[in-house]
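As structure tokens, the structure follows; a few thoughts come after it.
Note that these values count all heavy atoms, side chains included, but never hydrogens, waters or copies made by symmetry.
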Amino acid sequence: MKKILSLLISLMLLLSILPATVAEENLTRAKAAVMLDDLFALADVHPMNIPEFETTPRNLGYSATNGAIVSANVVAAAKDCVSYETQPQIEAVINSGLMELDTDNLSFRPSKPVTAKEFALSIAMGLYGANLDIDHMALALADGVFAQEQLTDDVLTVETAQAMVDELAEKLQIVAVFATSDIHGNYIPYTSADGNFKIGSVARIKTIMDEVRAEIGKENVFYVDGGDSPYNTTLANITLGDVSVAALNALELDATVLGNHDYDYSFENLLRLAENAEYAMLSANTKYKEGHQPEGVDSLYPKQLGDYITREAAGLKFGIFGCTDDASAATTLYANTADITWDEDLAKCADVVATLRDVEKCDLIIALSHLHSKNAALVLQEKDIDISIGGGNDIAGRPTILGDNQYLVNPGKHGEAVTQINVNVLNGKVSGFVYNQLFLTDAYAENAEVKAIVDEYNAQVDAALETTIGYLAEDLPWSTELVRFQNSPIANLVTDALLAYFKNDGAQLCIVNGGGIRAKLDAGEISIREVTSVLPFDNNMMLVEASGQTVWNALQNGISAWPASNGKFPQVAGMTYSFKPAETGNTLTSVTLTDGSPLDMNARYKVVINSFLAGGGDGYTMFNLLDTSKEMADDAKQLVHVNKTYMRDALQAYMEANSTAETPISIDMEEVRILIEQ
């Protein structure tokens, strides 16, 4: 009898200490996160472990144009889950806003039990959009997703929670839309702004998308791009954009829109890329000028480009259209756009949206709008746009919600991120979107196929670019702030090189738009690669003659946007200038030549500019000698136009002529050419 009693007591003790396995297991926040991650087909988020950032709150991005991804953007959000096997799913659910951190903004409390009401709210937020200020639970109740009696404060069991998820999954379909924008030729990893990790590599995008393709089916995954993908790095420029098309083909891109920098090489080259692309290059408003079509072409609209495409998934018809900023000629070389123009962008968008709505009968419309500051205006104008991929703003982080709960997506830049926007189709109708942004660090594996394609192009470029052409005594740093806001030693080197290039022609002054200078130079040997990185654009050089008043006007135009980040900020040689900032407009106060004399408004000067300025780019219409569609210069006179010889060629020639290993070029790091008066 005592033995039986002892066995019964032992059994009761065992049951009391194993409730999760013998009885019913309570739902914890960690387990709830995994269920939500699976239900909404989120790509897992893999954070980086960076020393000294263990207690730094995670920042989801940056809201200022030309920001940078730093350590705080890629570390774990949930500091108490770093050892969990399910950390990637937990991070994905936090990142998408379906579950929140505790009030300390660091802790997830993974072991904390979850009530029925809490779990239901997370599901409802996923269904209807965590970013929206709406009554998620009221919508879920109205749609019959939950019954009121289910929404209790009782702790859920895993079994009950799974039953809720399984029941909803029978009614829910997911279409995943992945988006990038403004890759600008960045197809291989590069060092982060704070120097702590590597970021980038489009090969990681395929790894992420393939995870979701395997989960919900390839036919339910789209990939779109917001423009400016082919050029602006050495790798991309030397290959004339071929690396971009090859990589995006391998990624199975559906469509991109043409951004203003897609026109940074000849239009013929752009059309060649479009013919090689297995995806659609969209720009509904790009067209030939009257009489400028190629021989045998009647239409003003190039056949290689398109207005829109349609795709079907989850029983719905998706319309995807693209439109380009109609002011794109102002930000590229005149020669590249001499034969083309653009329909007024917002008006053209209205026509295309009407076609997708009324003719194509699309259930959901996605805009690829490389319209810069007009991206938001487009969404507000067109209520039928559900999602807009906003190109040209170089912003990363959460979406902007506009109008009738429409999503303006900010996919980041320079190949640093990919954004996942899941379209939830509940009982055959769109209920809402789940938004998730992933930064492409070493925490994600590179797809071998895509990496091999990019590496092959990179190897070809490497062989040609490693030739040493000069030597430098000091490190010359680069940043947006250095070239678009203030004195810049690397800009001084560039302008000195251009001035020297036209020395025998009597050049006296040089003005360069700071936005055209794109990289640093390190002390030591300087290669063709480095020079190309500093000056990636095919900017021809021009020597003009102009009055001192025109030079003054040009500098006034260049400083007008300060302190906003604007590429027109003037870097100079042969002179110095000062200006006084004011809320009502910055004022140029003095211009002094290198011999100490003031700029003579009535004298004539020989000024080195580039063909971007000579086409009236960035508002420099006082130098416009090339683009007849803009206000033409009434004072400047062309003296020498060196076509197909670029600014980087002048810098290379300067390095070759003025430096050896024993006598490298030395830059005065303290020289002040631009004085901002306080």
Checklist entry - Would H414 and D182 count as a side chain to side chain donor-acceptor pair (under 3.5 Å) if you check the C-alpha gap in whole Å, the side-chain angles of each, and the deciding distance to 0.1 Å? => result CA-CA 6 Å; H414 296 178; D182 298 278; over 6 Å; no
Checklist entry - Any side-chain donor-acceptor pair under 3.5 Å between S578 and S590? => result yes
Checklist entry - Can you check whether A338's main-chain N or O pairs, donor with acceptor, with K289's side chain at less than 3.5 Å? => result yes
Checklist entry - How close do I490 and L521 get, heavy atom to heavy atom, and via which atoms? => result CD1-N, 3.7 Å
Next on the checklist: So that I can tick it off, tell me whether R673 and D668 are bridged by a salt bridge, with the cut-off set at under 4.0 angstrom between side-chain N and carboxylate O.
Outcome noted: no
Checklist entry - Given side chains that start at C-beta, do those of E466 and I528 come closer than 4.5 Å, heavy atoms only? => result no
Item to check | Check: S201/Y190 side-chain N/O donor and acceptor closer than 3.5 Å | outcome: no
Next on the checklist: Atom CD of residue position E344 - does it have more than 12 heavy atoms of other residues, nucleotides or ligands inside 6.0 Å?
Outcome noted: yes
Next on the checklist: Quick check against the 3.5 Å criterion: does E530 have a side-chain atom that pairs as donor or acceptor with the backbone of S527?
Outcome noted: yes
Checklist entry - N269 and L273: side-chain contact (heavy atoms from CB on, under 4.5 Å), yes or no, with the steps? => result CA-CA 6 Å; N269 188 67; L273 294 179; 4.0 Å; yes
Checklist entry - What are the two closest heavy atoms between D262 and S229, and how far apart are they? => result OD1-N, 4.1 Å
Checklist entry - If you measure from the Lys or Arg side-chain nitrogens to the Asp or Glu carboxylate oxygens, is any gap between D505 and K606 under 4.0 Å? => result no
Checklist outcome for this item: Closest non-hydrogen contact found for P302 with Y288 is CG-CE1, 3.7 Å
Checklist entry - What closest approach, in Å, do R604 and Q508 show between heavy atoms, and which atom pair accounts for it? => result O-OE1, 4.1 Å
Next on the checklist: Keeping R204 on the side-chain end and T441 on the backbone end, is there a donor-acceptor pair under 3.5 Å?
Outcome noted: yes
Checklist entry - What are the two closest heavy atoms between F579 and L588, and how far apart are they? => result CB-CA, 3.9 Å
Item to check | Sub-4.5 Å side-chain heavy-atom contact between L368 and D225 | outcome: no
Item to check | Audit row: D228, H261, side chain to side chain donor-acceptor pair (under 3.5 Å) steps and yes/no | outcome: CA-CA 5 Å; D228 280 2; H261 286 295; 4.7 Å; no
Checklist entry - Judged by atom type as modelled, is there a donor-acceptor pair below 3.5 Å linking the side chain of D394 to the main-chain atoms of K413? => result no
Next on the checklist: Using a 3.5 Å distance criterion without hydrogens, assess whether the side chain of D326 forms a donor-acceptor pair with backbone atoms of W342.
Outcome noted: no
Checklist entry - Looking at side-chain heavy atoms only, is the closest gap between I676 and P581 below 4.5 Å? => result yes
Checklist entry - Between H292 and D339, do the side chains contain an N or O donor and an N or O acceptor separated by less than 3.5 Å? => result yes
Next on the checklist: Under a 3.5 Å distance rule, please check whether S369 uses its side chain to pair with a backbone N or O of N375 as donor and acceptor.
Outcome noted: no
Item to check | Evaluation steps, side-chain contact (heavy atoms from CB on, under 4.5 Å), between S283 and Y263 | outcome: CA-CA 12 Å; S283 181; Y263 303 87; 3.9 Å; yes
Checklist entry - Would you say F569 and F485 make side-chain contact, with heavy atoms under 4.5 Å? => result no
Item to check | Backbone N/O of P536 and side chain of N237: donor-acceptor pair under 3.5 Å | outcome: yes
Item to check | Intermediate values then yes/no, salt bridge (Lys or Arg N to Asp or Glu O under 4.0 Å), K630 and D627 | outcome: CA-CA 6 Å; K630 302 185 187 129; D627 189 352; 3.2 Å; yes
Checklist entry - Do T495 and Q571 have side-chain atoms, one donor and one acceptor, less than 3.5 Å apart? => result no
Checklist entry - If we only count heavy atoms from C-beta on, is the M647 to L498 side-chain gap below 4.5 Å? => result yes
Item to check | Minimal non-hydrogen separation, I667 against L472, with atom names | outcome: CG1-CD1, 4.3 Å
Checklist entry - Side chains of S192 and K198: do they bring a donor and an acceptor to under 3.5 Å? => result no
Item to check | NZ/NE/NH1/NH2 to OD/OE distance under 4.0 Å, D343 and K348 | outcome: yes
Next on the checklist: Atom CD of residue position E275 - does it have more than 12 heavy atoms of other residues, nucleotides or ligands inside 6.0 Å?
Outcome noted: yes
Item to check | Test side chain to side chain contact (heavy atoms under 4.5 Å, CB included) applied to M575 and L599, V551, T592, the passing residue | outcome: V551
Checklist entry - Given side chains that start at C-beta, do those of L651 and Y501 come closer than 4.5 Å, heavy atoms only? => result no
Next on the checklist: Apply salt bridge (Lys or Arg N to Asp or Glu O under 4.0 Å) to residues R484 and E481 and explain how you reach the verdict.
Outcome noted: CA-CA 5 Å; R484 299 184 183 214; E481 290 76 11; over 6 Å; no
Checklist entry - How far apart are the C-alpha atoms of K374 and D345, what are their side-chain angles, what is the distance that settles it, and do they pass the salt bridge (Lys or Arg N to Asp or Glu O under 4.0 Å) test? => result CA-CA 9 Å; K374 293 174 282 188; D345 44 33; 2.6 Å; yes
Item to check | Distance (rounded to the nearest 0.5 Å) between D634 CG and T550 OG1 | outcome: 6.5 Å
Item to check | Polar side-chain atom of N557 near backbone of D618 as donor-acceptor pair, under 3.5 Å | outcome: yes
Checklist entry - So with a 6.0 Å cut-off around CG of D595, is the heavy-atom count from everything else above 12? => result yes
Checklist entry - Is the shortest heavy-atom distance from the side chain of Y231 to the side chain of T239 under 4.5 Å? => result no
Item to check | With N186 via side-chain hydrogen bond (donor to acceptor under 3.5 Å, both in side chains) - residues at least two apart | outcome: none
Checklist entry - Is R648 paired with D538 through a side-chain N to carboxylate O contact shorter than 4.0 Å? => result yes
Checklist entry - Does the T621 side chain pair with the main chain of N624, one donor and one acceptor, at a distance under 3.5 Å? => result no
Next on the checklist: Would you compute the distance between atom OG1 of T480 and atom CD1 of I517 and round it to the nearest 0.5 angstrom?
Outcome noted: 12.0 Å
Checklist entry - Take atom CD in E290; do more than 12 heavy atoms of anything else shown fall under 6.0 Å from it? => result no
Checklist entry - After noting the C-alpha distance and the side-chain angles of I199 and F197, does the key distance pass the side-chain contact (heavy atoms from CB on, under 4.5 Å) rule? => result CA-CA 7 Å; I199 192 164; F197 57 96; 4.0 Å; yes
Checklist entry - With side chains defined as the heavy atoms from C-beta onward, is the minimum distance between N260 and H372 less than 4.5 Å? => result yes
Next on the checklist: Is there a salt bridge (Lys or Arg N to Asp or Glu O under 4.0 Å) between D475 and K520? Walk through the geometry before answering.
Outcome noted: CA-CA 8 Å; D475 290 339; K520 65 176 181 175; over 6 Å; no
Checklist entry - Which is it for N610 and N513 under the side chain to side chain donor-acceptor pair (under 3.5 Å) test, yes or no, and what are the steps along the way? => result CA-CA 9 Å; N610 57 43; N513 52 308; 3.0 Å; yes
Checklist entry - For T663 and Y471, what are the C-alpha separation, side-chain angles and deciding distance, and is it a side chain to side chain donor-acceptor pair (under 3.5 Å)? => result CA-CA 8 Å; T663 58; Y471 301 84; over 6 Å; no
Next on the checklist: Nearest 0.5 angstrom please: I453 CD1 to Y457 OH, how far?
Outcome noted: 8.0 Å
Next on the checklist: Evaluate L270 against Y265 for side-chain contact (heavy atoms from CB on, under 4.5 Å), listing each step before the verdict.
Outcome noted: CA-CA 7 Å; L270 177 56; Y265 284 77; over 6 Å; no
Checklist entry - So, does N73 use its side chain to make a donor-acceptor pair with the main chain of V70 at under 3.5 Å? => result yes
